[in-house]
Amino acid sequence: MKRLFSYAHWPLLTVLMLSGSQFRPETSLIPDGPALPYAPVCGETHVGGIPRSLLTQSVALRTGLGATSIPTSTTNPQAQAYFEQGMAYLHGYSLVEAARSFHEALRHDPTLAMAQVGLNRVYIQADDFGAARKAAEAARSLEKDVSEREKVHIALRFAQQTAVESPKNGALLDNYRNQLEEATRRFPDDAELWLLAGNAQERVATGRGQGSSKKGIEIYETILKTTEHPAAHHYLIHAYEGIGEYEKAKAHGAAYARLSPRLAHAQHMYAHDLMKTGEVEEAIFKLTTADSLERQLYLSDNYKAEFDWHHSHNISVLALCYQYQGRMQEAEALAREKFHMPRPVSPERTFYNRMSLPELLIAQRREAEALPLTETMQRAKTPGERLMGHFFEGIIHLKTNDLAQARASLKASEAEMDVVREKHPTGWMISWLEPYPEYLSALIALTDPATRDKGMKSVRAFQQKAHKQFGPDPWIEALFQLETIADLAYQLQLTDLFEESAKLLAAHDPAYPGTHLALARLADGKGDRATAEREWFLAGQGWAKADEPFAAQRLKN
């Protein structure tokens, strides 16, 4: 296994990072509790919705994952190699493969406490805090065989565990950060401690590198001044996306993909910002590479894609990229796969699997096919599914100019949004779902002549909010939403709004064929034939691979 990491320059990192405190001081809090003997996956049949039998399934050692050298007390080379493989998978959000690797390490050395530390982190990411605590307790039961460095890692598992179990108690998150500060002072050559320190600067205790805090960026960038650590590149992709610096994010994406060529998420992450910087064809190549790596794994190791949360996300972004190019049949095939895929991991997010197919059908004017799907979603168990079902039904009513029914659908979607806020007050669900009722409200205000003047303010407010979206799915979803508003303003001959909308579309993505179409229409309306023809040409060029019905419908004068 090729190892990429060296500790040679870590004293420099210490000087750079500790010149100013990165954490807020708090008193230490490590709960006492009985030490438990190790039992694979804590004796549970499932962890985070994933079968125990899968999480403990044997796994081969693999190359090309971006594994790094991480000191432990084991004297078993195989156990060490599997542990480092597990950490590479953990940093790449491949939870099943991380767990399998950690369990394989424990088969080679049952006293390897750091493998239990890794399992704790896997289970926290899987939102199974009970299993996570048991793994932490199993690690603590092995403390007699570990170094002082490893004892610190074990103690940090309890500090984070306590914080994630009480997400509204900010003092516990402060305590975790404070313990990390002390840990990096004691062991400044430990890359994993610094990576955890960067993660801990996020808004919530479950932070895993997807946040965009200034302090986190400083930590990750400083790590890269001493060594090219794949995980630091990974977390900087997310961080720079969060502040709209897509070129910087893309540079880190290229590095992560290069250092981890066989890690699906590394290829996927590079695609995030290729997509946002006008390189959608290359993004599609990276996403299909990730898809191929995943499907080969599921086939060779005999498990279902539904247990890997990343698969539905990757094919979702791939479908959106196909839609971007007008390749609707290819997009629809992936959307259908995603729609029918169960969601045993984080089932409250099932709406994410369901939303792409009705959206694509509506975009192709196939409302009669979409309507039964929306009705099924409205009867679902989770509020997110019900909200999206009402939202799509509202869009269908709007397209038939049934404003009364569209408003009823809006009211129903807003009621489900209230349920989401009550059940998930601090999480990802709100930020993901909240734009959809707002979007429907904006479209109703724009469509209804009686409310148009009053509603124009909300339309513009929604456009600005959409333009600020930065996650891969939300960014491209926002692109299509901004395009729809521009199209509607053009059809309704709202000249000022159309011009504003076309320019905002260009600010969001100047390379998108739909942007060129809007700019062509804008120039044509002003009598600028030369600009209009150039933009028409660019729109046609961008949709050169589009399905014929899509191209004919979008490019007609």
Side-chain angles (χ1 to χ4, degrees), residues 268 275 284 287-288 290-291 294-295 304-306 308-400 406 409 412-413 416 429 432-433 435-437 439-440 443 469 471-481 483-484 514 546-547 549-550 553-554:
H268 170 93
M275 174 181 72
I284 288 173
L287 293 166
T288 53
D291 187 50
E294 290 180 341
R295 292 181 194 274
K304 296 178 180 178
E306 66 200 55
D308 180 3
W309 74 271
H310 187 263
H311 181 66
S312 63
H313 174 51
N314 188 69
I315 64 173
S316 176
V317 180
L318 179 56
L320 289 166
C321 285
Y322 283 143
Q323 185 178 350
Y324 183 107
Q325 292 190 331
R327 297 160 66 176
M328 307 302 275
Q329 291 184 26
E330 290 166 282
E332 185 178 329
L334 293 173
R336 286 191 181 278
E337 177 187 351
K338 183 181 163 195
F339 186 89
H340 294 293
M341 186 184 301
R343 182 94 188 198
V345 180
S346 302
E348 71 278 4
R349 301 183 184 187
T350 302
F351 74 88
Y352 179 79
N353 287 30
R354 302 287 184 263
M355 60 191 285
S356 300
L357 183 56
E359 183 175 52
L360 269 172
L361 294 173
I362 293 168
Q364 297 175 80
R365 300 181 178 179
R366 294 160 62 187
E367 290 84 2
E369 295 175 63
L371 191 58
L373 302 181
T374 71
E375 292 169 347
T376 298
M377 292 169 70
Q378 289 170 38
R379 296 190 298 269
K381 294 181 179 180
T382 67
E385 289 175 89
R386 297 193 298 268
L387 184 154
M388 293 305 299
H390 291 300
F391 164 78
F392 287 124
E393 187 179 62
I395 295 294
I396 292 170
H397 289 315
L398 262 185
K399 294 189 79 170
T400 59
S409 295
S413 70
E416 294 295 348
M429 297 275 289
W432 192 285
L433 288 166
Y436 289 95
Y439 177 48
L440 180 56
L443 292 179
Q469 294 285 354
D473 307 72
W475 180 87
I476 200 166
E477 292 278 4
L479 176 68
F480 298 146
Q481 291 164 354
E483 178 186 33
T484 297
D547 298 347
F550 175 90
Q553 188 271 322
R554 289 301 284 150

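Please read all numbers here as calculations on a predicted model, not as lab measurements. Here, residue 1 is the first one in the sequence, and each next residue gets the next number.
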Could you pull out the closest heavy-atom pair between [X] and [Y], with the gap in Å?
X: Met355; Y: Phe392; value: O-CZ, 3.3 Å
X: Lys399; Y: Ile362; value: NZ-O, 3.0 Å
X: Val317; Y: His268; value: CG2-CE1, 4.0 Å
X: Ala290; Y: Asn314; value: CB-OD1, 3.6 Å
X: Ser409; Y: His390; value: CB-O, 3.3 Å
X: Ile315; Y: Arg295; value: CG2-NH2, 4.0 Å

field: Partners passing side chain to side chain donor-acceptor pair (under 3.5 Å) against Lys304 (at least two apart in sequence or in another chain)
entry: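 Lys304: no side chain to side chain donor-acceptor pair (under 3.5 Å) contacts found.
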statement: Residues passing the side chain to side chain donor-acceptor pair (under 3.5 Å) test with Asp473, sequence neighbours excluded, are His313, Ser316, Tyr352
Straight-line distance of [X] [atom1] to [Y] [atom2], nearest 0.5 Å:
X: Ile396; Y: Leu371; atom1: CD1; atom2: CG; value: 5.0 Å
X: Leu440; Y: Leu398; atom1: CG; atom2: CG; value: 6.0 Å
X: Phe351; Y: Leu387; atom1: CZ; atom2: CG; value: 8.5 Å
X: Phe391; Y: Glu416; atom1: CZ; atom2: CD; value: 15.0 Å
X: Ile395; Y: Thr374; atom1: CD1; atom2: OG1; value: 11.5 Å
X: Arg354; Y: Met377; atom1: CZ; atom2: CE; value: 8.0 Å

query: Between Arg343 and Glu385, is a salt bridge (charged side-chain N to carboxylate O under 4.0 Å, His left out) present by the stated rule, with each step listed?
result: CA-CA 12 Å; Arg343 182 94 188 198; Glu385 289 175 89; over 6 Å; no
- request: Count the heavy atoms of every other residue, nucleotide or ligand shown that sit under 6.0 Å from CZ of Arg366, and state whether that count exceeds 12.
  value: yes
message: Does atom CD (Gln329) have a neighbourhood of more than 12 heavy atoms from anything else shown, all under 6.0 Å?
response: no
Is there a side-chain contact between [X] and [Y] in this structure, where contact means two heavy atoms from C-beta onward sitting under 4.5 Å apart?
X: Ser356; Y: Phe339; answer: no
X: Met275; Y: Trp475; answer: yes
X: Trp432; Y: Glu477; answer: no
X: Pro347; Y: Thr382; answer: no
X: Arg554; Y: Glu483; answer: yes
X: Glu369; Y: Gln364; answer: no
X: Glu332; Y: Leu357; answer: yes

- prompt: Does anything in residues 373-382 pair up under salt bridge (charged side-chain N to carboxylate O under 4.0 Å, His left out), and if so which pairs, sequence neighbours excluded?
  reply: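 Of all non-adjacent pairs touching residues 373-382, none passes salt bridge (charged side-chain N to carboxylate O under 4.0 Å, His left out).
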- request: Indicate yes or no for a side-chain donor-acceptor contact from Gln325 to the backbone of Cys321 under 3.5 Å, with no hydrogens or angles considered.
  value: no
field: Flag, side chain of Arg327 to backbone of Ala546, donor-acceptor distance under 3.5 Å
entry: no
message: Lys338 vs Glu359, test: salt bridge (charged side-chain N to carboxylate O under 4.0 Å, His left out). Steps then yes/no.
response: CA-CA 13 Å; Lys338 183 181 163 195; Glu359 183 175 52; over 6 Å; no
query: side chain to side chain donor-acceptor pair (under 3.5 Å) between His310 and Glu294: does it pass, once the steps are laid out?
result: CA-CA 9 Å; His310 187 263; Glu294 290 180 341; 2.5 Å; yes
